[in-house]
There are 2 protein chains.
Amino acid sequence: MDRLVKCPANYVPLTPLTFLKRASMVYSSRTSVIYGGVRFTWLQTYERCCRLAYSLRSLNVVKNDVVSVLAPNIPALYEMHFAVPMAGAVLNAINTRLDAKNIATILRHSEAKVFFIDYQYVPVASEALRLLVDGSKDGSLAEYAMPLVIVIDDVDTPTGVRLGNLEYEQLVLHGNPQYPGEELEDEWDAIALNYTSGTTSAPKGVVYSHRGAFLSTMSLIQGWEMGTEAVYLWSLPMFHCNGWTFTWGVAARGGTNVCIRNTTAKEMYKSISQHKVTHMCCAPIVFNIILEAKPHEQCEITNKVNILTGGAPPPAALLEKMEGLGFHIMHAYGLTEATGPALVCEWQTKWNQLSKDNQARLKARQGVGILTLADVDVKNKKTMESVPHDGTTMGEIVLRGSSIMKGYLKDEKETAKAFHKGWFFTGDVGVIHPDGYLEIRDRSKDVIISGGENISSVELESILFKHPNILEAAVVAMPHPRWGETPCAFVVLKNARTTTESEILTYCRQKMSKFMVPKKVEFVTELPKNGTNKVLKAELREIAKTLKISENTPTNNKRSEPRYQQDELYDQDKILAMSRL
Amino acid sequence: MDRLVKCPANYVPLTPLTFLKRASMVYSSRTSVIYGGVRFTWLQTYERCCRLAYSLRSLNVVKNDVVSVLAPNIPALYEMHFAVPMAGAVLNAINTRLDAKNIATILRHSEAKVFFIDYQYVPVASEALRLLVDGSKDGSLAEYAMPLVIVIDDVDTPTGVRLGNLEYEQLVLHGNPQYPGEELEDEWDAIALNYTSGTTSAPKGVVYSHRGAFLSTMSLIQGWEMGTEAVYLWSLPMFHCNGWTFTWGVAARGGTNVCIRNTTAKEMYKSISQHKVTHMCCAPIVFNIILEAKPHEQCEITNKVNILTGGAPPPAALLEKMEGLGFHIMHAYGLTEATGPALVCEWQTKWNQLSKDNQARLKARQGVGILTLADVDVKNKKTMESVPHDGTTMGEIVLRGSSIMKGYLKDEKETAKAFHKGWFFTGDVGVIHPDGYLEIRDRSKDVIISGGENISSVELESILFKHPNILEAAVVAMPHPRWGETPCAFVVLKNARTTTESEILTYCRQKMSKFMVPKKVEFVTELPKNGTNKVLKAELREIAKTLKISENTPTNNKRSEPRYQQDELYDQDKILAMSRL
């Protein structure tokens with residue numbers, strides 16, 4: 001048995017790139033991408049990716065180089081999921097909600113060699129680049145070669161916005177459609193780098209392997225039972241774990257990607273109705289956007305739309321309303337480190353007999369491990385014993401399998417902390433029910449999930465600590481009717497200092513991405529602590545539940561708008577004016 | 001990127017064994033196996049496998065040991081697909097249609113350490129064992145330690161048949177249900193060994209890796225879109241590429257295995273109706289069995305049954321009749337070396353508009369590569385150039401990917417021949433249509449597929465050559481209305497010798513498994529040959545098309561019975577009598 005050796009015919013590195021090549025051959029004339037008035041076929045998408053990969057190589061991009069991109073769900077970002085790794089490089093899709101400082105930190109930490117910028121994000125990207133240059137000049141940041149900047153103009157209605165000389169479509173145009181891509185030597189090689197705010201203020205760059213991406217993709221199109229010819233609406237940002245792997249998954253199934261720039265009710269209704277969308281992913285917050293649509297924003301939905309949701313358990317009332325509109329919802333649980341969803345709440349036929357309430361309760365559970373995960377368990381972290389399947393004994397949720405990240409880029413300490421005794425520790429606390437389904441009971445103490453975005457309480461605290469009047473600060477999640485959770489800051493002021501909530505919030509707005517700004521600041525004389533002087537966050541969370549979200553805080557108006565709209569973007573004229581400087 | 005290393009949390013060897021463990025946890029109380037009056041849950045199946053694996057270890061089975069089994073589609077054979085590799089060993093499921101000589105050859109070639117025998121097969125297995133002993137004694141066979149024999153009595157209605165002291169249920173009973181199985185060190189390790197008659201008379205043992213088995217399973221449940229809670233009828237022998245990987249696949253989806261001992265019309269109708277079967281695999285010959293069922297053998301079929309068929313393109317008339325009965329048929333193409341189906345004829349919605357005739361024509365094509373196959377192509381073997389996608393230019397079908405076999409056991413020469421210039425050569429000749437779908441135009445010259453079973457023409461010829469009156473012989477496929485193809489032998493007699501067709505057929509029956517016996521012997525004065533004296537089989541195949549199948553040949557009556565019935569088995573009393581000797 002041992003004498004049979006691997007050869008190129010029977011051992012081919014696993015990579016989701018094969019899905020695109022296959023799609024170009026077996027679904028060649030099927031529509032791959034729709035975006036406004038633009039449509040591509042799978043053959044065209046493949047050739048565009050070959051061209052772009054070729055151009056990247058011409059620009060000296062080599063193996064393991066990081067190619068960053070700041071863009072909404074446009075065709076270019078979709079194509080880069082294939083073209084960048086075809087060039088041997090690593091795709092780093094940056095969260096478009098981050099501020100210039102965070103973006104600069106990511107560019108520097110990842111040592112991005114190329115930085116693609118959607119035209120709408122030129123202002124914030126320019127600011128990030130300026131911060132990088134300034135930081136290098138004054139010595140506050142380590143030396144780092146600036147990335148090559150490439151603007152992505154709108155492919156449907158070009159605007160002429162530029163930053164430097166290079167533009168995406170030009171790269172595609174001048175590339176070679178016959179370029180086969182670099183040969184993948186090892187499926188363990190990196191394919192993508194996704195930053196998570198995580199639990200500390202240092203950026204954590206989660207690295208995926210080709211193998212992990214391939215396996216996760218296979219599992220998720222399976223776990224969700226996404227069949228061939230799916231029409232997939234890009235309501236979930238592609239920068240979230242590479243669109244929960246469906247960037248690659250839609251190619252695997254020969255489906256159609258419906259790209260939309262803004263996840264507004266109008267855009268979603270229009271796309272679903274016009275293109276007969278069958279599948280979409282989103283955080284439960286998007287349910288509100290759909291349900292609260294004004295009559296003129298709505299279109300009739302005639303086909304069943306499957307929604308995979310995650311980030312927070314979908315509330316029963318929302319589930320019922322959505323299903324009434326023709327949506328079929330499946331709940332998943334995951335995290336960046338697990339390449340997106342790692343568990344799905346697989347539906348059991350016998351549950352159809354239950355009351356709607358009970359169905360919603362079951363659907364809100366996190367569920368069962370996907371097929372490529374070798375194991376999921378809930379363990380007592382100290383003893384490493386598995387909890388009984390009784391639905392009440394709590395423990396930490398741990399995962400094992402080849403779809404788990406390679407590790408954190410340039411962070412051996414955090415990598416070692418995450419991988420422990422053969423398991424990946426999620427930091428989330430859960431139980432296992434007698435039927436084997438897992439349910440989260442308490443999330444990691446340090447993460448607040450607001451509208452599908454992770455916010456690090458530690459990061460917020462470290463910023464608050466720097467305020468001249470603040471002695472101590474602790475940030476915890478407080479429930480929010482719309483966003484699920486929102487940060488609530490408990491603050492102890494320095495002796496004899498006075499500050500208002502409004503002043504602190506204004507300070508926060510200057511120092512952090514807007515979505516991270518707390519919705520409530522509570523002044524206290526001291527923080528509850530245990531014997532070793534550790535803040536008792538559980539107590540603070542209990543208090544936060546009783547507090548009222550502050551009205552009319554500077555950020556509150558902004559946050560109550562659907563955050564998917566362009567509230568944080570400059571208008572087009574301003575961008576054009578800036579880009580011509 | 002390179003500093004992130006594999007660890008037990010993020011790199012777990014791929015193996016279909018994880019599917020069973022997962023099923024035991026998330027589908028614990030769901031029915032895993034139904035066989036007559038016997039029912040198991042997934043938890044029970046898992047524990048039975050742990051027990052059996054433990055007992056195998058107790059019997060000194062170690063890594064890479066071959067465990068052979070001769071059994072129909074019974075629960076034991078299903079369980080062995082997990083239990084044997086859990087013990088670190090390699091499962092060798094032997095084709096139950098082989099004769100004692102072939103079985104002996106396989107046991108010797110594989111050096112089987114343990115030999116499980118279903119009680120019905122005790123007679124032919126005893127004969128095979130006797131051949132092994134005799135061969136060792138007279139020196140005609142290489143020395144080889146005899147396998148440990150374990151009889152599998154019927155789990156539903158025990159018969160008491162034994163051969164030696166060991167019985168399957170005793171092993172299960174005395175095993176340890178908490179035994180976790182041996183830890184898999186490397187996903188490249190062997191999991192199964194399947195013999196194919198192939199193109200030469202030497203047995204070829206196709207070895208699968210855990211990785212290949214895992215990936216094929218994932219692809220096939222996907223390509224066929226087999227959802228969760230499938231009820232799978234075992235109409236396809238598990239010994240055929242491990243049931244085209246659905247042995248493992250049903251566990252992956254938490255489905256139910258409906259095991260039947262005999263693939264008769266009555267058994268199939270009853271199972272489909274009673275257990276609401278949703279999925280089954282079979283060669284097109286089984287369509288005939290279903291369609292020709294007598295009224296008392298039929299039951300009403302109320303649910304849609306998905307059939308995956310392969311081995312031969314399903315004829316249009318049969319397709320239409322079957323779909324009229326509520327069956328939905330998908331066509332696949334594969335071979336043992338590719339771990340079963342490697343291409344599936346993925347249906348396209350737009351084809352629903354076409355006429356039934358056109359639909360059948362499209363459905364009969366071999367289709368597109370499954371997702372874990374890195375590449376499928378049709379190439380000119382000499383130049384290695386790909387054929388154009390024009391539906392007419394022919395070339396050899398070649399495959400690449402991690403679901404291709406590790407190689408042929410102890411046969412470096414054949415392994416090297418199969419793997420060539422980075423591809424696996426199927427030996428089949430095909431075209432690629434403009435829509436990217438592949439169609440076979442001419443099968444490997446040396447293989448005849450009769451009723452889903454491969455027959456090697458080279459093997460038949462080598463037996464015919466040994467007949468005292470035969471000078472030359474060439475065997476080709478001839479069309480058969482029921483079996484698809486059947487062997488037709490062209491024979492040149494030695495000078496002055498005379499022999500009848502009937503005599504040659506009688507000779508064949510003594511020398512080969514019954515299903516291999518030609519249905520036609522044509523006497524000729526010489527064989528058509530080319531300049532290098534090679535027989536022009538293409539010419540013979542043309543002639544064979546014009547010949548009439550011989551009536552009343554000794555084997556013909558036998559062959560016109562559904563071969564899935566017990567036509568070749570001894571009756572139970574006789575077996576019992578033998579086993580008591």
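Protein chains get the first letters and strands the later ones, always in sequence-line order, with residue 1 at the start of each. Remember, predicted model here, so these are calculated numbers, not experimental data. Just so you know, these numbers use all the heavy atoms, side chains as well, and skip hydrogens, waters and symmetry mates.
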Exercise. Which answer fits A/T15, side chain, backbone, both or neither, if we ask what part of it has an atom under 4.5 Å from a heavy atom of chain B?
Worked result: neither
Exercise. Between B/M226, B/K406, B/H420, B/H433, which residue shows the highest count of heavy-atom pairs closer than 4.5 Å to chain A?
Worked result: B/K406
Problem set entry | Value rounded to 0.5 Å, distance of CD in A/Q222 from CE in B/M218 | 4.5 Å
Problem set entry | Under 4.5 Å from a heavy atom of chain A, the part of B/A190 involved | side chain
For this session: Sort B/E412 into side chain, backbone, both or neither according to what part of it lies under 4.5 angstrom from a heavy atom of chain A.
Result: side chain
For this session: Give the member of B/L215, B/L399, B/T415 that has the highest number of heavy-atom pairs under 4.5 Å with chain A.
Result: B/L215
Seminar exercise, completed: On a heavy-atom basis, the closest approach of A/P8 and B/R400 is O-NE, 3.7 Å
For this session: Look at A/R3, A/R30, A/K421 and state which one has the largest set of heavy-atom pairs under 4.5 Å with chain B.
Result: A/R30
Exercise. Are the side chain of B/R22 and the backbone of A/G369 linked by a donor-acceptor contact shorter than 3.5 Å?
Worked result: yes
Problem set entry | Pair B/E225 + A/R253, salt bridge at N-O below 4.0 Å | yes
Problem set entry | B/F19 versus chain A, the contacting section by heavy-atom distance below 4.5 Å | side chain
Problem set entry | Per-residue contact mode, B/I370 against chain A (heavy atom under 4.5 angstrom) | backbone
Problem set entry | Cationic tip of A/R211 above B/Y11 ring, under 6.0 Å, 45° of axis | yes
Exercise. Going by an N to O cut-off under 4.0 Å, is there a salt bridge joining A/K6 and B/E187?
Worked result: no
Seminar exercise, completed: Given A/K63, A/K410, A/Q348, the one with more heavy-atom pairs under 4.5 angstrom with chain B than any other is A/Q348
Exercise. If you tally heavy-atom pairs under 4.5 Å against chain A, which of B/T349, B/I432, B/L17 wins?
Worked result: B/T349
Exercise. Hey, which of B/L193, B/V376, B/I221 has the most heavy atom pairs under 4.5 Å with chain A?
Worked result: B/I221
Exercise. Are any side-chain N or O atoms of B/E346 and backbone N or O atoms of A/T228, one a donor and one an acceptor, separated by less than 3.5 Å?
Worked result: no
Problem set entry | Region of B/L438 in contact with chain A, defined by heavy-atom distances below 4.5 Å | neither
For this session: For A/Y437 and B/V26, work out which heavy atoms get closest and say how close.
Result: CE1-O, 4.0 Å
For this session: Heavy atoms only, distances under 4.5 angstrom: which of B/V66, B/V398, B/V368 has the most pairs with chain A? Name it, please.
Result: B/V368
Problem set entry | Gap separating the SG atom of A/C7 from the CH2 atom of B/W423, nearest 0.5 angstrom | 12.5 Å
For this session: With a 4.5 angstrom heavy-atom cut-off, could you sort out which part of A/V5 is near chain B: side chain, backbone, both or neither?
Result: backbone
Exercise. At a heavy-atom separation under 4.5 Å, does B/S219 approach chain A through its side chain, its backbone, both, or neither?
Worked result: both
Seminar exercise, completed: In terms of heavy-atom pairs under 4.5 Å with chain B, the winner among A/G227, A/A374, A/G401, A/S403 is A/G401
Exercise. If you round to the nearest 0.5 Å, how far is CE of B/M1 from CG of A/D189?
Worked result: 10.5 Å
For this session: Go through the atoms of B/D435 and report whether side chain, backbone, both or neither lie under 4.5 Å from a heavy atom of chain A.
Result: backbone
Exercise. So how far is it from A/M25 CE to B/S386 OG, rounded to the nearest 0.5 Å?
Worked result: 8.5 Å
For this session: For the pair B/K21 and A/D375, find out whether any cationic side-chain nitrogen is under 4.0 Å from an anionic carboxylate oxygen.
Result: yes
For this session: Below 4.5 Å from any heavy atom of chain A, which atoms of B/T18 appear? Answer side chain, backbone, both or neither.
Result: side chain
Exercise. How far does OG of A/S28 sit from NE2 of B/H389, to the nearest 0.5 angstrom?
Worked result: 8.5 Å
For this session: First locate atom CG of A/L371, then atom CG of B/L14, and finally report the distance between them rounded to the nearest 0.5 Å.
Result: 12.0 Å
Exercise. Under the 3.5 angstrom rule, does the side chain of A/N10 hit a backbone N or O of B/M405 as a donor-acceptor pair?
Worked result: yes
For this session: Give, as side chain, backbone, both or neither, the part of A/Y408 having an atom under 4.5 angstrom from any heavy atom of chain B.
Result: backbone
Seminar exercise, completed: If one checks every heavy atom of A/W188 against chain B at 4.5 Å, the contacting part turns out to be side chain
